[in-house]
Amino acid sequence: MENRYGKLASRVYHLDKPVGRSFGDIEFYQDRLKCCSGPILEPAVGNGRVYIPLLEAGFHIEGFDASDDMLDYCRSESETRNLSPTLSCQTFSEFRSTTVFDAIIMPAGSFQLVTQVDAARELLRRFYDHLVPGGRLILDIDNMKGLMETSGTMRRWQHSERELLTLTGSPPEIDYVHQTSLSILRYEHWKDGALVATEIDLFHLRWWGINELTLALKDAGFHNVSVSGDYRPGKPLTNEDLVFSFEAQRPL
């Protein structure tokens, strides 16, 4: 039940964050990858919100995700655009590939879905091993303030005149020792006023300090680590930044 993105959760995600919807990240990644001529990997590719625009822009990119339901949306949206995606169903811990990549990208805080520190460090090492010399890892994390200050919410999407989808989230349980937040997400599908389906997911995230993640990247072998705020490279970081983007390079 933890971070699994089942059928109903994937449907809500796709309605809320359709392919091409940008928070500044799509333009950021297109710019940071413009010198890449080789293959690129997006772990936790989801419904293809970022992946498909990069594929449309001509990047040689492949992706994987742990949710078959999310991948179904990514494949369907690719087909409607006459694109041929390279996708696989894998978890972070299972991830293996014979390809070495020019870049690996993780937009939208996907790295924070790995809540065990040892597993996260191991994942960074495996990403390092799957990069060409000089290849780059680019990933986003959320400002920890936003994770801790989130309150319980209810949202709704009117899918048709007869159908309503709702998402209710509990206030997060904060574990300050392990730097994690855990929320209970309840997804509901209503039709003609009657509840026809419901799904509960545990949304578990880990927050990282900027210096902490910088050291973890260096410990995995990366160098030239840089951090930007809110997708504006070169801008000094502030407490008000909602997203921090890390860029790290495998040595030549």
Side-chain angles (χ1 to χ4, degrees), residues 1-29 41-56 61-81 83 85 87-92 95 105-115 139-142 146-147 150-160 163-172 181-191 195-207 231 242-243:
M1 292 176 62
E2 187 174 298
N3 298 336
R4 68 189 180 99
Y5 287 98
K7 188 173 295 294
L8 196 50
S10 298
R11 186 176 177 185
V12 167
Y13 186 98
H14 191 57
L15 286 171
D16 187 52
K17 300 178 179 67
V19 171
R21 180 179 180 186
S22 179
F23 304 98
D25 50 357
I26 293 177
E27 296 81 3
F28 171 82
Y29 279 95
L41 174 69
E42 184 184 354
V45 69
N47 68 333
R49 181 185 67 83
V50 174
Y51 173 86
I52 290 175
L54 292 178
L55 198 60
E56 288 181 304
I61 184 167
E62 60 185 76
F64 72 84
D65 201 278
S67 169
D68 278 318
D69 294 300
M70 291 289 268
L71 288 172
D72 284 344
Y73 283 109
C74 190
R75 292 189 181 99
S76 176
E77 292 287 342
S78 297
E79 289 172 5
T80 62
R81 294 165 171 80
L83 300 171
L87 302 168
S88 61
C89 187
Q90 299 187 72
T91 65
F92 291 127
F95 162 64
I105 64 170
M106 294 189 76
S110 298
F111 181 67
Q112 293 169 274
L113 295 169
V114 185
T115 55
L139 62 84
D140 300 340
I141 62 170
D142 295 317
L147 296 177
T150 302
S151 60
T153 59
M154 182 175 182
R155 302 179 64 197
R156 61 183 175 86
W157 294 261
Q158 192 74 44
H159 188 55
S160 69
E163 292 184 281
L164 179 71
L165 297 169
T166 62
L167 167 58
T168 305
S170 70
S181 67
L182 178 64
S183 298
I184 300 173
L185 303 182
R186 183 183 180 91
Y187 299 88
E188 295 179 333
H189 177 199
W190 299 81
K191 189 172 183 179
L195 182 63
V196 295
T198 187
E199 187 175 288
I200 289 180
D201 284 350
L202 300 180
F203 190 50
H204 202 188
L205 295 173
R206 185 182 193 277
W207 71 80
Y231 304 116
L242 299 177
V243 177

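Because the structure is a prediction, the values reported are computed rather than measured.
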Practice task
Could you check L15 against L165 for side-chain contact (heavy atoms from CB on, under 4.5 Å), going step by step and ending with a plain yes or no?
Solution key: CA-CA 10 Å; L15 286 171; L165 297 169; 3.2 Å; yes
Handout entry: salt bridge (charged side-chain N to carboxylate O under 4.0 Å, His left out) between R11 and E163, worked out
Key = CA-CA 13 Å; R11 186 176 177 185; E163 292 184 281; 3.6 Å; yes
Practice task
For H189 and L195, run side-chain contact (heavy atoms from CB on, under 4.5 Å): C-alpha distance rounded to whole Å, both residues' side-chain angles, the deciding distance at 0.1 Å, then the answer.
Solution key: CA-CA 6 Å; H189 177 199; L195 182 63; 5.7 Å; no
Practice task
Report the C-alpha distance between I61 and E42 in whole Å, list the side-chain angles of each, state the deciding distance to 0.1 Å, and finish with yes or no for side-chain contact (heavy atoms from CB on, under 4.5 Å).
Solution key: CA-CA 7 Å; I61 184 167; E42 184 184 354; 4.3 Å; yes
Practice task
Would you check, one step at a time, whether the test side-chain contact (heavy atoms from CB on, under 4.5 Å) holds for V50 with F28?
Solution key: CA-CA 11 Å; V50 174; F28 171 82; over 6 Å; no
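Closest approach of N47 and R49 over heavy atoms only: OD1-N, 3.2 Å. The two residues D25 and P107 come nearest to each other via the heavy atoms OD2-CB, 4.3 Å. Across every non-hydrogen atom of E77 and I52, the tightest pair is CB-CD1, 3.5 Å. Counting all heavy atoms, side chain and backbone alike, D69 lies closest to S10 at CB-OG, 3.4 Å. When all heavy atoms of G20 and P53 are compared, the closest pair comes out as CA-CG, 3.9 Å. Across every non-hydrogen atom of S183 and P171, the tightest pair is OG-C, 4.4 Å.
Atoms CZ and CD1, from R4 and I200 in turn, are 9.5 Å apart once rounded to the nearest 0.5 Å. Here the OG-CZ distance, from S181 to R206, works out to 11.5 Å after rounding to the nearest 0.5 Å. For the atom pair C74 SG and L55 CG, the distance stands at 8.5 Å (nearest 0.5 Å). Separating the OG atom in S22 from the OH atom in Y231 is a distance of 8.0 Å, to the nearest 0.5 Å. Distance check: T166 OG1 to L8 CG gives 8.0 Å after rounding to the nearest 0.5 Å. Atom CG in D201 sits 6.5 Å away from atom CG in L185 (nearest 0.5 Å).
Enclosure of atom NZ in K17 by more than 12 non-hydrogen atoms of other residues, nucleotides or ligands within 6.0 angstrom is indicated. Environment of CG in L164: crowded, with over 12 heavy atoms of neighbouring residues, nucleotides or ligands closer than 6.0 Å. Applying the 6.0 Å contact sphere to CZ of R156 captures no more than 12 heavy atoms from other residues, nucleotides or ligands.
Under the 4.5 Å side-chain criterion, counting only non-hydrogen atoms from C-beta, F23 is not in contact with L242. Contact of the R21 side chain with the P18 side chain is registered, since non-hydrogen atoms from C-beta on lie closer than 4.5 Å. Within the 4.5 Å cutoff, no side-chain heavy atoms of L202 are placed close to those of H204. You'll find the side chain of L87 stays beyond 4.5 Å of the side chain of F64, heavy atoms only. Residues W207 and L205 form no side-chain contact, since every pair of their non-hydrogen atoms from C-beta on lies 4.5 Å or further apart. The shortest distance between side-chain heavy atoms of D140 and Y29 falls below 4.5 Å. Under the 4.5 Å side-chain criterion, counting only non-hydrogen atoms from C-beta, L167 is not in contact with R186. The side-chain heavy atoms of M70 and Y13, taken from C-beta on, include a pair separated by under 4.5 Å.
Residues satisfying the ring-ring contact (aromatic ring centres under 6.0 Å, His included) test with H14, not counting sequence neighbours, are Y73. Taking the salt bridge (Lys or Arg N to Asp or Glu O under 4.0 Å) definition, one finds that D142 meets it with nothing, sequence neighbours left out. Judged as a ring-ring contact (aromatic ring centres under 6.0 Å, His included), and not counting sequence neighbours, F92 has no contacts.
The closest donor-acceptor contact from the side chain of S88 to the backbone of Q90 lies at 3.5 Å or more, if one exists at all. Using a distance-only test at 3.5 Å, with no hydrogens or angles considered, a donor-acceptor pair links the side chain of E199 to the main chain of A9. For the pair R155 (side chain) and T168 (backbone), a donor-acceptor distance under 3.5 Å is absent. Side-chain N or O atoms of S110 include none that pairs as donor or acceptor with a backbone N or O of M106 at under 3.5 Å.
D65 and Y5 share no donor-acceptor pair across their side chains, judged by distance under 3.5 Å alone.
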